[in-house]
S.K.: 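Structure in structure tokens, see below.
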Amino acid sequence: MGIKKNAKLWVNTKKMNRRTIDCLDEMTGLMACMKRCNFEDDRKCAGEKLKLDDCLIYMAKQPKEANTINFHLQRLDNA
């Protein structure tokens, strides 16, 4: 009949660690400023836009996250 494969190994990593969203405060500040200006004049929110750009550039330079536990479990399952 064939070989029966075991259920997939998987761990719900959302319960393991609660990550924060990068640059959320800067994005919220920019959106609040844009709303105050009725989304008309970007120059009034130049400071908030600069903060968001700096945060995004900084986060792009950060090293990427290591492989997750699920990646390693899938590799063990295939071996």
Side-chain angles (χ1 to χ4, degrees):
M1 297 288 296
I3 299 173
K4 213 174 207 184
K5 212 169 184 184
N6 294 341
K8 287 193 175 195
L9 296 173
W10 185 76
V11 175
N12 188 355
T13 56
K14 291 178 183 175
K15 292 183 179 179
M16 291 177 62
N17 59 351
R18 303 282 184 202
R19 280 193 63 213
T20 59
I21 299 172
D22 302 326
C23 303
L24 180 65
D25 294 334
E26 290 83 357
M27 177 68 79
T28 304
L30 178 61
M31 291 294 120
C33 180
M34 299 272 297
K35 185 173 181 175
R36 273 184 270 134
C37 299
N38 293 325
F39 298 96
E40 294 172 357
D41 192 8
D42 288 344
R43 291 175 292 185
K44 293 180 182 177
C45 302
E48 286 83 359
K49 190 173 183 181
L50 185 61
K51 286 180 188 176
L52 180 60
D53 288 342
D54 290 343
C55 180
L56 292 173
I57 290 169
Y58 174 75
M59 293 312 295
K61 291 180 181 177
Q62 293 297 312
K64 302 296 180 207
E65 202 172 288
N67 290 329
T68 64
I69 189 170
N70 288 325
F71 171 80
H72 295 291
L73 288 173
Q74 288 173 358
R75 288 188 61 201
L76 287 173
D77 192 33
N78 291 333

S.K.: Distance from Met34 atom CE to Asp41 atom CG, nearest 0.5 Å?
M.R.: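 With rounding to 0.5 Å, CE (Met34) is 9.5 Å from CG (Asp41).
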
S.K.: Other than Met59, which residues form its hydrophobic cluster under the rule that side-chain heavy atoms must be closer than 4.5 Å?
M.R.: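 Same cluster as Met59: Tyr58.
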
S.K.: To the nearest 0.5 Å, how far apart are SG in Cys45 and CE in Met31?
M.R.: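 Reported value, rounded in 0.5 Å steps: 9.0 Å.
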
S.K.: Which residues satisfy the disulfide (SG to SG under 2.5 Å) test with Cys37, sequence neighbours excluded?
M.R.: none

S.K.: Tell me, please, which residues at least two apart from Glu40 pass side chain to side chain donor-acceptor pair (under 3.5 Å).
M.R.: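 Per chain and number, Glu40 pairs via side chain to side chain donor-acceptor pair (under 3.5 Å) with no residue.
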
S.K.: Are side-chain heavy atoms of Cys55 and Asp22 found at a separation under 4.5 Å?
M.R.: no

S.K.: Enter the distance from Leu30:CG to Asp25:CG here, rounded to the nearest 0.5 Å.
M.R.: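 Those atoms lie 12.5 Å apart.
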
S.K.: Surrounding CE of Met27 (heavy atoms of other residues, nucleotides or ligands, distance under 6.0 Å), is the total greater than 12?
M.R.: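 For Met27, atom CE is not crowded (no more than 12 foreign heavy atoms under 6.0 Å).
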
S.K.: Of the non-hydrogen atoms in Lys51 and Glu26, which two are nearest, and what is the gap between them?
M.R.: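 Scanning both residues, the minimum pair turns out to be O-CG, 3.9 Å.
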
